Amino acid sequence: QVQLVESGGGSVQVGGSLRLTCVASGSDFSTSSMAWFRQAPGNRRELLAAMVWMGAGTYYADSVKGRFAISRNNPKRTLYLQMNSLKIEDTAVYYCAMQTQRVEISVEDSYGYWGQGTQVTVSS
C-alpha cells in the first residue's frame, strides 16, 4: 500500500522558515500529483499547495502564496514544502497527500493517500 511519511515540523518564531519533507513508498511517485494540506484546531483540512506529477504545474492557496513553495525530487520519491515568513496563523498539523483521481490538482477531495502529519508551531 501507499505510505507517506512527513518530517521537518517543529517550533519557529514569527518570520522564520521551515522545510517539510514527505517520503513516499508503495506507488509510482513520479506519475502521481502531490499536495500539502494543513489542519488547525477547529478548522477543516485546507489544501495549501499542489504539484502535478511532471513537476511543471502548481497550485497555491491564497493564504500561502508568495511565502510557501512546493517541490519534488522524483528519484528520491520525496516532496518538499519550503515555508518562509511564517505567521502565527500557520500553526497547524501539516500533511502530504497523493492524488488518486486524474482531475485538476486544486480539487481537494481528489487526494486519497495521506501521511500521519507533522506539527508546525509558530510563536512570537
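Here the structure is a predicted model, which is why all the values come from computation and not from measurement. All residue numbers in this chain count up from 1 along the given sequence.
For the residue pair Leu4 and Ala97, the shortest heavy atom distance occurs at CD1-CA, 3.8 Å. Here the shortest heavy-atom pairing between Ala35 and Leu47 reads CB-CD1, 3.7 Å. Of all non-hydrogen atoms in Ile70 and Met51, the two that sit nearest each other are O-CE, 3.3 Å. Taking every heavy atom of both residues into account, Glu104 and Gln99 meet most closely at O-NE2, 3.2 Å. Between Gln119 and Ala92 the shortest heavy-atom distance is NE2-O, 3.4 Å.
Here side-chain hydrogen bond (donor to acceptor under 3.5 Å, both in side chains) pairs that include residues 5-16, with residues two or more places apart or in two chains, number zero.
Looking at Thr91, its side chain does come within 3.5 Å of a backbone N or O of Val122 through a donor-acceptor pair. Judged by distance alone, the side chain of Arg72 and the main-chain N or O of Val52 form a donor-acceptor pair under 3.5 Å. With Tyr111 contributing its side chain and Ile105 its backbone, the two residues share a donor-acceptor pair below 3.5 Å.
Crowding of Glu108 atom CD: a count of heavy atoms from other residues, nucleotides or ligands under 6.0 Å exceeding 12. Surrounding OH of Tyr60 are more than 12 heavy atoms belonging to other residues, nucleotides or ligands, all under 6.0 Å away.
Proximity of the aromatic rings of Trp36 and Phe68 is defined here by a centroid distance below 6.0 angstrom, and this criterion is not met.
Atom OG1 of residue Thr21 and atom CZ of residue Arg19 lie 5.0 Å apart, to the nearest 0.5 angstrom. From Leu79, atom CG reaches atom SG of Cys96 across 6.5 Å, with rounding to the nearest 0.5 Å.
No single ILVMFWY cluster, assembled from side-chain heavy atoms under 4.5 Å apart, contains both Val93 and Val5. Residues Leu20 and Ile88 share a hydrophobic cluster, clusters being chains of Ile/Leu/Val/Met/Phe/Trp/Tyr side chains in contact below 4.5 Å. Using a 4.5 Å cut-off between side-chain heavy atoms of Ile, Leu, Val, Met, Phe, Trp and Tyr, with links allowed through other members, Leu18 and Val23 fall into different hydrophobic clusters. Note on Leu86 and Tyr80: separate hydrophobic clusters, where clusters join Ile, Leu, Val, Met, Phe, Trp and Tyr whose side-chain heavy atoms are under 4.5 Å apart, directly or indirectly.
There is a side-chain donor-acceptor pair under 3.5 Å between Ser63 and Glu46.
Looking at Gln82 and Ser17, their side chains come closer than 4.5 Å, going by heavy atoms from C-beta outward. You'll find the side chain of Asp90 reaches within 4.5 Å of the side chain of Arg67, heavy atoms only.
The side-chain contact (heavy atoms from CB on, under 4.5 Å) test with Arg38 is passed by exactly one of Leu81, Val64, Asn43, Thr118: Val64. Between Phe37 and the choices Trp114, Tyr94, Tyr95, the ring-ring contact (aromatic ring centres under 6.0 Å, His included) rule is met once, by Trp114.
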Requested in this report: Show the numbers, then the answer: is there a side chain to side chain contact (heavy atoms under 4.5 Å, CB included) between Val107 and Gln101?
Outcome: CA-CA 9 Å; Val107 178; Gln101 302 175 32; 5.9 Å; no
